[in-house]
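Keep in mind that this is a model prediction, so the values were computed, not measured.
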Amino acid sequence: MFTNADQDTFDEYRALFIPRVLHYGRTRGLGVSRRALELILDYKYGAPDEGGDGLLARWHGADVVSLMLDWLPREGGQTPPGVADVRATLDAWLGFLNEEDLLDERSEPRSELLGVVDRLAEAYRHAVANPAEHRIAAYMHRLMDDLGYDVDDADDVAEFESEVESGGIAVDEDLVAAIASGEEEGPKSLFAGPGRAGYTWRAPRLLADDELDAAIEAAPTIVRLRAQAPDELAEDSAEAWDTAFEAVGDALAERLELDEDAFTDFFGLAPDEFTASVLTSLFIERLALPVSLVVEMVAELGDRLDVDSPLTGVEEARFTTAVGLVLDELEKLGAVEREAPEEEAGPVAEPEYRLTPLGEWAGYEELVIEDYTIRDFDELMDETAEVLVERAAAGEAFSETDLDAWISARDAETALRELVEVARRTDDSTHRAAVRAVTSEHSAAARAVYEDLRDDPDFGPQARVWLFDAGFAKESDLEADDLSWVMLDGIAALARMDLLDDDQFDELPAAGPDGTSLFDLALVLRHPETAFLLSWFGENHPDPKARKEARTALYRFKSGSDSRD
């Protein structure tokens with residue numbers, strides 16, 4: 001699971017996967033292409049808003065379509081891999097995952113996935129042999145979709161082509177030529193895949209139909225419009241809300257005395273896009289936000305803000321006014337609620353805004369329209385333990401609350417056993433830390449799970465220390481290096497999550513339980529995070545002497561001169 005992983009983490013594991021899969025393929029006579037494998041892994045890791053979802057071991061037919069009709073033609077370079085290489089390499093990757101007991105149970109059968117490769121073979125060959133034509137087709141498909149044509153309906157396609165030929169639909173020929181040559185990047189392809197971002201955001205608790213209707217009809221703007229102009233709003237509540245929401249952008253431009261072009265030139269977003277960006281920024285962040293932070297996010301979306309070019313005073317004032325107006329309208333539409341600053345925050349503290357349940361629905365709908373794939377809360381509750389652990393380990397806001405809800409939706413001991421199993425087999429200290437934390441909150445139910453693993457040759461130290469910390473074991477039940485191993489693991493997790501600041505450095509133990517320095521302890525134990533810890537401390541410790549000691553220890557570790565006899 002790499003949905004929340006940064007590029008460096010993915011690159012580290014990608015480098016580990018490749019030789020193992022190549023070996024798997026060689027021993028089975030599969031013609032595995034290293035380059036195809038690299039591209040397949042890169043696809044499934046994905047970009048934030050295109051490509052795969054980061055779930056390297058979960059594959060569906062849509063993934064294969066996106067891989068072959070978008071990713072490989074676009075990212076495969078001058079000579080993308082041939083169909084035979086793609087098929088054999090995907091076959092080897094799925095087979096490797098299955099043999100290692102890593103293949104996600106929610107994947108479609110291997111034979112069906114390879115069948116999709118076969119069905120797309122000719123379309124793929126044509127795409128890679130005719131890149132300019134493929135790029136133009138992707139652009140025209142997107143244009144059709146944006147205009148409401150069904151790209152899979154022959155009649156719609158014919159009507160669209162006729163309208164283009166007659167000039168009824170204007171096509172920018174210069175733009176088409178630039179896209180064909182590769183000088184200009186076209187809009188996102190319909191086959192581009194969802195990317196990872198949607199799975200990293202909140203999993204909204206979507207209102208049921210009757211709850212949604214009630215929330216919409218209670219919104220002050222809807223109440224007012226129903227009374228003043230009952231014939232102007234659709235009877236359907238969701239349609240009525242959409243109509244009122246779409247009017248906010250036009251009203252905003254009018255309030256600022258800007259026509260649409262002038263508004264877009266200044267803010268980098270059209271009025272309707274500006275309004276939507278305020279809503280989606282609150283959805284993505286999940287936490288309540290002050291206006292100043294919403295301004296930064298909206299300005300960044302409009303390409304009006306970067307590190308080297310902050311907003312001027314005039315720009316910031318105008319953005320703040322515009323965002324404030326939108327928030328006022330969203331509050332009247334029942335989508336946001338305002339939280340007054342606490343008294344101790346001082347007289348200049350800003351109020352903060354968060355989405356209401358109606359706002360969560362609206363933000364979700366807006367992002368889905370933009371082709372993001374987002375798990376709702378019910379879908380998250382049906383997910384595997386790995387997904388919940390990875391979210392929690394990444395520090396996603398309220399992910400601990402989601403994890404508690406996931407446990408509550410199951411038999412507690414069964415759920416905790418699944419979570420501990422993730423900690424037992426992962427090699428990521430942040431995953432282990434997340435599991436230690438959540439199982440400590442459910443210690444009574446987790447006790448039996450850890451008791452069963454106290455003599456496990458690999459997980460035993462963690463199980464024994466957990467039982468000791470929870471008060472279910474005595475210190476005499478621990479083995480020599482148990483506390484030291486778990487202590488190093490916890491420090492590594494804090495470092496990986498960027499949670500070690502100067503104050504916490506001061507609170508770190510200078511040595512392990514037996515008096516051995518942390519650096520020497522990491523060397524002696526050969527902890528799996530030893531190289532990371534020594535490298536991290538060598539770069540980040542506030543004490544220059546300690547940085548030098550860590551770098552020296554890292555050299556000794558890599559040379560193997562301090563391994564335990």
Item to complete: Give a yes or no on whether the backbone of D376 and the side-chain of E379 come within a donor-acceptor separation of less than 3.5 Å.
Response: yes
Worksheet item: Any luck finding a side-chain donor-acceptor pair between E366 and T280 under 3.5 Å?
Response: no
Worksheet item: In a check of salt bridge (Lys or Arg N to Asp or Glu O under 4.0 Å) between D53 and each of K44, R375, R58, which one passes?
Response: K44
Fill in: All ring pair (Phe, Tyr, Trp, His ring centres under 6.0 Å) counterparts of F191, not counting sequence neighbours
none
Worksheet item: For Q7, does the CD atom have more than 12 heavy-atom neighbours from other residues, nucleotides or ligands under 6.0 Å away?
Response: yes
Discussion item. Show, in sequence, the C-alpha distance, side-chain angles and deciding distance for D91 and V117, and conclude whether the side chain to side chain contact (heavy atoms under 4.5 Å, CB included) test is met.
Written reply: CA-CA 10 Å; D91 190 14; V117 176; over 6 Å; no
Worksheet item: Checking R196 against F2: charged group under 6.0 Å from the ring centre and within 45 degrees of the axis?
Response: no
Fill in: With sequence neighbours excluded, residues passing ring pair (Phe, Tyr, Trp, His ring centres under 6.0 Å) with F319
F267
Fill in: Qualifying salt bridge (Lys or Arg N to Asp or Glu O under 4.0 Å) pairs with a residue from residues 265-284, counting only residues at least two apart or across chains
none
Discussion item. Applying salt bridge (Lys or Arg N to Asp or Glu O under 4.0 Å) as the test, list every pair that has at least one member in residues 329-338; sequence neighbours left out.
Written reply: D328-R338, E329-K332, E331-R338
Worksheet item: Should R125 and E122 be marked as a salt bridge (Lys or Arg N to Asp or Glu O under 4.0 Å) after you check the CA-CA gap, both sets of side-chain angles, and the distance that decides it?
Response: CA-CA 5 Å; R125 290 190 186 100; E122 284 306 312; 2.6 Å; yes
Worksheet item: Do D428 and T426 have a side chain donor and acceptor closer than 3.5 Å?
Response: no
Discussion item. Test your reading of the model: is there a side-chain donor-acceptor pair from T356 to the backbone of A335, 3.5 Å cut-off?
Written reply: yes
Worksheet item: Taking it one step at a time, do Y149 and E163 satisfy side chain to side chain contact (heavy atoms under 4.5 Å, CB included)?
Response: CA-CA 12 Å; Y149 290 91; E163 286 293 313; 3.9 Å; yes
Worksheet item: Should we count CG of D118 as having more than 12 external heavy atoms under 6.0 Å?
Response: yes
Discussion item. Strictly distance-based, threshold 3.5 Å: is any side-chain N or O of E108 a donor or acceptor partner for the main-chain N or O of G61?
Written reply: yes
Worksheet item: After noting the C-alpha distance and the side-chain angles of R202 and E360, does the key distance pass the salt bridge (Lys or Arg N to Asp or Glu O under 4.0 Å) rule?
Response: CA-CA 9 Å; R202 76 169 76 202; E360 286 199 17; 2.9 Å; yes
Discussion item. By the salt bridge (Lys or Arg N to Asp or Glu O under 4.0 Å) test, which pairs, at least two apart or in different chains, include something from residues 291-302?
Written reply: none
Discussion item. Would you compute the distance between atom OG1 of T275 and atom CG of L330 and round it to the nearest 0.5 angstrom?
Written reply: 7.5 Å
Worksheet entry | For F377, ring pair (Phe, Tyr, Trp, His ring centres under 6.0 Å) partners two or more places apart | none
Worksheet item: Can you tell me if CZ on R205 sees more than 12 non-hydrogen neighbours from other groups inside 6.0 Å?
Response: no
Item to complete: Enumerate the residue pairs fulfilling salt bridge (Lys or Arg N to Asp or Glu O under 4.0 Å) with a member in residues 146-158, sequence neighbours excluded, ordered by first and then second residue.
Response: R142-D146
List the atom pairs, donor and acceptor, that lie under 3.5 Å between side-chain atoms in residues 131-141 and the rest of the protein, sequence neighbours left out.
unit_1, atom_1, unit_2, atom_2, d
E133, OE2, H126, NE2, 2.9
H134, NE2, L69, O, 3.1
R135, NE, I179, O, 2.9
R135, NE, A180, O, 3.3
R135, NH2, A180, O, 2.6

Please list every donor-acceptor pair under 3.5 Å in which a side-chain atom of residues 238-256 meets a protein atom from a residue at least two apart or in another chain.
unit_1, atom_1, unit_2, atom_2, d
W241, NE1, L333, O, 3.0
T243, OG1, E239, O, 3.0

Worksheet entry | Candidate list V116, L120, I40, test side-chain contact (heavy atoms from CB on, under 4.5 Å), partner L67, passing option | I40
Discussion item. Can you list everything that forms a ring pair (Phe, Tyr, Trp, His ring centres under 6.0 Å) with Y372? Sequence neighbours excluded, please.
Written reply: W201
Discussion item. Tell me every residue that passes side-chain hydrogen bond (donor to acceptor under 3.5 Å, both in side chains) with Y43, counting only those two or more places apart in sequence or in another chain.
Written reply: D63
Item to complete: Using a strict cut-off of less than 4.0 Å between a Lys/Arg side-chain nitrogen and an Asp/Glu carboxylate oxygen, indicate whether D382 and R410 qualify as a salt bridge.
Response: no
Practice prompt. Would you sort out whether F283 and I374 count as a side chain to side chain contact (heavy atoms under 4.5 Å, CB included), showing the intermediate values?
Written response: CA-CA 11 Å; F283 182 96; I374 303 169; 4.1 Å; yes
Discussion item. If the test is salt bridge (Lys or Arg N to Asp or Glu O under 4.0 Å), which one of R74, R14, R35 qualifies with D42?
Written reply: R14
Discussion item. Is it the case that the side chain of S281 and the backbone of V278 share a donor-acceptor pair, with hydrogens and angles ignored and the cut-off at 3.5 Å?
Written reply: no
Practice prompt. Quick one: which residue pairs count as a side-chain hydrogen bond (donor to acceptor under 3.5 Å, both in side chains) with a foot in residues 171-193, not counting sequence neighbours?
Written response: none
Worksheet entry | Euclidean distance, L212 CG relative to L206 CG, rounded to 0.5 Å | 9.0 Å
Item to complete: Taking only Lys NZ, Arg NE, NH1 and NH2, and the carboxylate oxygens of Asp or Glu, determine whether R354 and E339 approach each other closer than 4.0 Å.
Response: yes
Worksheet item: Passes side chain to side chain contact (heavy atoms under 4.5 Å, CB included), T264 versus F274? Steps please.
Response: CA-CA 9 Å; T264 304; F274 188 98; over 6 Å; no
Worksheet item: Strictly by modelled atom types, are D6 and T9 linked by a side-chain donor-acceptor pair under 3.5 Å?
Response: yes
